[in-house]
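Here's the structure we're looking at; comments come further down.
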2 protein chains.
Amino acid sequence: MRRTPPRRPTIKDIARRAGVSESAVSFALNGRPGVSEATRERVRRVAEQLGWQPSTAARALSGEGAATVGLVLARPARTLGVESFFLRLVSGVQETLAARRFGLLFQVVEDLDAECAVYRRWWAERRVDGLLVVDPRAEDPRPGLLDGLGLPAVVIGAPAVTAPPGAAISTVWADDTGAMASVISHLHTLGHRRITHIAGLPELAHTRRRMACLRAEAARRGLPDARSVTTDYSDAQGAEATRRALAGPRPPTAIVYDNDVMAVAGLAVAAERGLSVPGDLSVVAWDDSVLCRNTHPALTALTRDTAAFGRRAAEHLLALLDGAPPRRTQDPTPTLLHRASTAPPPCEA
Amino acid sequence: MRRTPPRRPTIKDIARRAGVSESAVSFALNGRPGVSEATRERVRRVAEQLGWQPSTAARALSGEGAATVGLVLARPARTLGVESFFLRLVSGVQETLAARRFGLLFQVVEDLDAECAVYRRWWAERRVDGLLVVDPRAEDPRPGLLDGLGLPAVVIGAPAVTAPPGAAISTVWADDTGAMASVISHLHTLGHRRITHIAGLPELAHTRRRMACLRAEAARRGLPDARSVTTDYSDAQGAEATRRALAGPRPPTAIVYDNDVMAVAGLAVAAERGLSVPGDLSVVAWDDSVLCRNTHPALTALTRDTAAFGRRAAEHLLALLDGAPPRRTQDPTPTLLHRASTAPPPCEA
DNA sequence: TCAACACACTAAAGCGCATTAGTTGTTGGC
DNA sequence: GCCAACAACTAATGCGCTTTAGTGTGTTGA
């Protein structure tokens, strides 16, 4: 039983053991010129032997950055539906960051104002070198704020942001337009003409893109009854929106839900009203998940590699931190996984 | 358009503006004696005016700790079912940490070895002051490792850990035994005598507690056919275990699932075999979630305040960091939420 | 043969803060 | 009226690292 924890080794320890100065150690370990290959190798070995790792605090203090990026999730308490997407995204983000020994500082807050406050605090505390911004919205204050603070960022989910031209802000986004088009194509081909889109939060950029695409596709294909309604992503609002849609004068024969939770809730509403899925009503879920596979019937869903999406986002951020110019990148179009919840509409429709 | 980002204010800036030395500023802002009330107040005002926040790097370097705690999630890729529990837990953890301006460093890794490696690295890099350890298991190497490194920790999910007596390690855990007892009581009262428990990973401590309690209760009540089978928490293994249980010689009339995902998968298996729930088979899910509310029938589930659980865990860790002695705390017993998936067994049973 | 110069390395400063050891100026006690 | 005690403050040091400015040695060129 060792009561005193081991002291963390510093470059001073390495210097002593290797018989050189601390500066030489620093040069050697950082690949800087100024030491012979032999010395460099010796220092490396000693460092390894001692299990040395640079103190991020000391590094940060001497101007090297904190080797940490931040991610804030503004979650208005009720909106829990997007959970599984985020954990997969974060999991991908980590993979890339860990390879470069970057840490991820993670925080959940109530709303956008709190999120901005966290950014300011992290900046003042010098905690992070850059940020991953999720859930971009129209008139988003965050890109401007972060640019003002000089913090590089990658905005996940929107092609364009409201930030000055020179800002160190990259964007990555999913091809919501293409995805929505593929869904409408699938449903239209099956024979559906009355399609309702039960969307997520109206202020989010991707919600708007999906709604815009639905309108465009409906116009192009001559589907006057296609419409979108927005919700807060919760099962409760998803169910409520479903009830209203089905109770309307010209009820839809197909519903597209913006997340898995609402789709599942919608399925329950259909059952409660005695509608068979897919016989009377077809259902599509946006973003596949373990839920979609296990409902009865299993849900036709848009699927994509969310972890890979996260990896790419992190790569873009690391590139920015390395001084690369900002980029704008579209993710591959999600593919529609045909399961048992979509079929031709009932005959009388 | 401002091209040069604002410089972060330091205590030097405050000192200049307030007309005192840097040390006086430090004393004033940290509540240390050595400055008059008047000066202290003036310094505070200037600091506020400048939007000053202490640099965590500098603080960490001068021995104050990094104001950061870590949480590593070892997720063997397939095991995604526990997601919603973790996000709620983390969300609670944050609430407590944010109030004390602590950050949460979060990482997802593949397995236990990788998790231990992360602990070592964080320690060497001086990134964290303490850790939250989840998914404790029998013969868990982590408490010993962390004690050896001198890192305080709170183990979430087990009453006891294998660590030296003096270790700065607290534990908080849910009352799995009481919860399982309430489930068995409910089912037994309804008339069930053949109960199967489809559990999670066998190496986890709470899985063992649940299994042990099932055995004890079954013995006490004289239910020879009660048994547990372990899985990896995935919907696939949950479904598979359900199929095997139902195909056996004396199939259960009630199944208890260790998470919501497997319960939902089990529901699908019952449907596929033409069994009505709860007419032919009763189903109970451990941990309520949005899934349980939206299946058909809605699932009877054990429910608890996971965010509060996270808050308490974080409080215990902060207490340890403040030098308080380690504590062992049991969470309130989860309550069984009676929904539509449990009923008396069929008559011929 | 001596200056010019590259090379391998060391010394020293600085990042922002906490802290310890001074340095004043003011009271209090006798 | 003199020294001790104290309050209010400043100067200096160190945390671990990076980086700039040296310092000494050996090699080269004219």
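Below, chain A is the first sequence line, B the second, and so on; all start at residue 1.
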Close N/O contacts between protein and nucleotides 8-11 of chain D (under 3.5 Å):
unit_1: D/dC9; atom_1: OP1; unit_2: B/Thr39; atom_2: OG1; d: 3.0
unit_1: D/dC9; atom_1: OP2; unit_2: B/Ser36; atom_2: N; d: 2.7
unit_1: D/dC9; atom_1: OP2; unit_2: B/Ser36; atom_2: OG; d: 3.0
unit_1: D/dC9; atom_1: OP2; unit_2: B/Thr39; atom_2: OG1; d: 3.0
unit_1: D/dT10; atom_1: OP1; unit_2: B/Ser21; atom_2: N; d: 3.3
unit_1: D/dT10; atom_1: OP2; unit_2: B/Ser21; atom_2: N; d: 2.7
unit_1: D/dT10; atom_1: OP2; unit_2: B/Ser21; atom_2: OG; d: 2.6
unit_1: D/dA11; atom_1: N7; unit_2: B/Ser23; atom_2: OG; d: 3.3
unit_1: D/dA11; atom_1: N6; unit_2: B/Ser23; atom_2: OG; d: 2.9

Check nucleotides 13-16 of chain D for protein N or O atoms closer than 3.5 Å to its own N or O atoms and list the pairs.
unit_1: D/dC15; atom_1: O2; unit_2: B/Leu61; atom_2: O; d: 3.2
unit_1: D/dC15; atom_1: O2; unit_2: B/Ser62; atom_2: N; d: 3.4
unit_1: D/dG16; atom_1: N2; unit_2: A/Ala58; atom_2: O; d: 3.4

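Although no hydrogens or angles enter the test, the distance criterion places no donor-acceptor pair under 3.5 Å between the side chain of B/Thr56 and the main chain of B/Ala66. A distance-only check finds a donor-acceptor pair linking the side chain of A/Asp129 to the backbone of A/Ala67 [under 3.5 Å]. Counting only distance, with no hydrogens or angles, the side chain of B/Asp147 and the backbone of B/Pro143 share no donor-acceptor pair below 3.5 Å. Side-chain N or O atoms of A/Arg40 include one that pairs as donor or acceptor with a backbone N or O of A/Ala28 at under 3.5 Å. Using a distance-only test at 3.5 Å, with no hydrogens or angles considered, a donor-acceptor pair links the side chain of A/Trp123 to the main chain of A/Leu149. Between the side chain of B/Arg88 and the main chain of B/Gly310, no donor-acceptor pair closer than 3.5 Å is present.
Interatomic distance, A/Ser170 OG to A/Arg312 CZ, rounded to the nearest 0.5 Å: 14.0 Å.
Rounding to whole angstrom units, CD of residue A/Glu64 and P of C/dG14 are separated by 18 Å. The interatomic distance linking A/Asn30 (CG) with D/dT18 (P) rounds to 4 Å, in whole Å.
In this model, the phosphate group of D/dT18 is approached by a side-chain N or O of A/Ser26 to a distance below 4.0 Å at OP1 or OP2.
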Intermediate values then yes/no, salt bridge (charged side-chain N to carboxylate O under 4.0 Å, His left out), B/Asp135 and B/Arg75: CA-CA 10 Å; B/Asp135 284 343; B/Arg75 198 185 61 167; over 6 Å; no

